[in-house]
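Right, one structure below, let's go through it.
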There are 2 protein chains.
Amino acid sequence: MSDKGIMVAKSKTEKFTQEESRLADIAKALSHPARIKILKILAEMNVCMCGEIVELLPLAQATVSQHLKELKRVRLIQGEIEGPKTCYCINTDSIIEAYKQLQNYFEAINKECKRTCKTNKK
Amino acid sequence: MSDKGIMVAKSKTEKFTQEESRLADIAKALSHPARIKILKILAEMNVCMCGEIVELLPLAQATVSQHLKELKRVRLIQGEIEGPKTCYCINTDSIIEAYKQLQNYFEAINKECKRTCKTNKK
DNA sequence: TTTCTTTATCGTATAATTACGATGAGCGAT
DNA sequence: ATCGCTCATCGTAATTATACGATAAAGAAA
C-alpha cells in the first residue's frame with residue numbers, strides 16, 4: 001500500500017504510478033517466450049552456464065545474451081562470472097516479489113469484479 | 001498439464017511451447033502501464049465507455065483505442081457497441097485463466113527453486 | 001606467450017510498439 | 001438529410017525490441 005496514487009516524473013516512465021510502472025516492467029521482462037523458458041530452465045537447473053542455456057534455446061548466443069540482460073535488468077536473475085564462464089541463477093527474492101506484485105494486482109481486480117458485477121449479465 | 005513440451009510451428013511464434021507462447025502473450029498485454037491501469041479502471045467501474053477511460057489516462061484517444069485493442073486481442077477485456085459509444089468491461093473468465101497460467105508458472109519456479117537451491121548461498 | 005573457450009558487446013538490419021492527428025463509420029437527434 | 005458525438009482505423013513518425021554475425025575481453029590451458 002506504499003505508493004498508491006503517487007505520480008512519478010521519470011523522463012520516460014511519465015504519468016503513471018510507480019506500482020503501475022513496476023508491474024508493466026515485470027510483465028515486459030516476461031513478454032517473450034525465450035525469457036519465459038530461460039526462467040524455467042534456471043529454476044530446474046538451479047545454476048546454469050550461459051552456454052547451456054543457449055543450447056536449450058532456438059536462438060543464437062548473442063540473442064540469448066540479450067534476453068539474459070533483460071532479465072537481469074529487472075533483477076529476476078543474476079549472473080556471476082566464474083572464470084571464462086558466467087553462471088546464471090534465479091534471484092529468488094525478486095521472483096517472489098514480482099509474483100506478489102502480480103498477485104496483488106490480479107486479486108484486486110478479481111475482488112473489484114466480484115463487488116461490482118452483481119447484475120452484469122447480458 | 002495439457003500441452004507440456006508440444007511444439008507449435010506458427011510462422012512467428014516458432015519454436016516454443018504453446019504454454020510458453022501463451023504466457024509471453026499475456027505478459028505482453030500487461031507490459032505497458034497504460035494497459036495495467038485500464039484493467040484496474042475497468043475492474044473498479046465494471047463497465048466503462050471508451051471516453052471515460054481516455055479521460056483517466058494521459059494519452060490521446062487514438063492511443064487509448066490501440067491499447068484497448070491489444071487487451072481485446074488477448075481477450076482480457078471485451079467491448080460492445082452501444083449506439084455511438086462502446087462499452088468495455090473485463091472478461092472475467094480470461095482474466096482468471098491468465099492469472100492461473102501465471103500462478104502455475106511462478107509456483108513451478110518457486111517449487112523447483114526450493115528443491116534445487118539447498119546449498120546455493122553466496 | 002599463445003591458443004582455446006566462453007560470453008558480453010558492437011554494429012546492423014528488420015520488425016514491432018507507441019504515440020498522435022486526421023479521417024471515417026455509425027448512431028442519435030434535429 | 002444534416003449535424004454532432006463517439007470511437008476505430010489510417011497514415012505516419014519515432015522509439016524500442018529482436019535477431020544475428022563479428023569482434024572483444026578475460027580466464028584457462030598449452
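Within every chain, numbering begins at 1; the chains are lettered A, B, ... in the order of the sequence lines, protein sequences first and strands thereafter.
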To the nearest angstrom, how far is [X] atom [atom1] from [N] atom [atom2]?
X     : N      : atom1 : atom2 : result
B:E82 : C:dA25 : CD    : P     : 23 Å
B:L57 : C:dA19 : CG    : C1'   : 13 Å
A:L68 : C:dT7  : CG    : P     : 10 Å
A:L71 : D:dA17 : CG    : P     : 13 Å
B:E80 : D:dA8  : CD    : P     : 13 Å
B:K72 : D:dA8  : NZ    : C1'   : 8 Å
B:K28 : D:dA17 : NZ    : C1'   : 11 Å
A:F16 : C:dT18 : CZ    : P     : 11 Å

Does A:Y88 have a side-chain nitrogen or oxygen under 4.0 Å from the phosphate oxygens OP1 or OP2 of C:dT6?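 Answer is no, no contact under 4.0 Å.
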With the side chain of [X] defined as its heavy atoms from C-beta on, choose the nearest nucleotide among [options].
X     : options               : value
A:A60 : D:dA8, C:dT7, D:dC20  : D:dC20
B:S65 : D:dA8, C:dT7, C:dC20  : D:dA8
A:A62 : D:dC5, C:dT9, C:dC20  : C:dT9
B:C50 : C:dT7, C:dC20, D:dC7  : D:dC7
A:M49 : C:dT7, D:dA19, C:dT18 : C:dT7
A:H67 : C:dT9, C:dC20, D:dA19 : D:dA19
A:K69 : C:dT9, C:dA19, D:dC20 : C:dT9
A:P84 : D:dG27, D:dT6, D:dA8  : D:dG27
B:K85 : C:dT18, D:dC7, C:dT17 : D:dC7
A:T86 : D:dT18, C:dA8, C:dT9  : C:dA8

Over 60° means perpendicular and under 30° means parallel, so classify the ring planes of A:H32 and B:F16, tilted if in between.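 The arrangement is perpendicular - the two ring planes meet at more than 60°.
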Counting distance alone, no hydrogens or angles: does the base of D:dA17 have a donor or acceptor under 3.5 Å from a partner atom on the side chain of A:E70?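 Between D:dA17 and A:E70, which were checked side chain against base, a qualifying N/O pair under 3.5 Å is absent.
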Is the base of D:dA17 touched by the side chain of A:Q66 through a donor-acceptor pair closer than 3.5 angstrom?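 When only heavy-atom distances are counted, A:Q66 does not reach the base of D:dA17 through any donor-acceptor pair under 3.5 Å.
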So how far is it from B:R73 CZ to B:L68 CG, rounded to the nearest 0.5 Å?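 If we round to the nearest 0.5 Å, B:R73:CZ and B:L68:CG are 14.0 Å apart.
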With rounding to the nearest 0.5 Å, note down the distance linking SG in B:C50 to CD1 in B:I81.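 Between atom SG of B:C50 and atom CD1 of B:I81 there are 11.5 Å.
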Hey, which of these two, A:Q61 or A:A34, hits DNA chain D nearer its 5' end, going by closest nucleotide?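 Looking at the nearest nucleotide for each, A:A34 comes out on the 5' side.
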Between B:I90 and B:V54, is there shared hydrophobic-cluster membership here, with clusters defined by ILVMFWY side-chain heavy atoms closer than 4.5 Å?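 Linked within one cluster.
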Looking only at the side chains, is there a donor atom on one of A:E20 and A:T17 sitting less than 3.5 Å from an acceptor on the other?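 Yes, because at least one side-chain N or O of A:E20 sits under 3.5 Å from a partner of the opposite role on A:T17.
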Would B:E80 and B:Y88 count as having a side-chain donor-acceptor pair, cut-off 3.5 Å?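 No, because no side-chain N or O of B:E80 sits under 3.5 Å from a partner of the opposite role on B:Y88.
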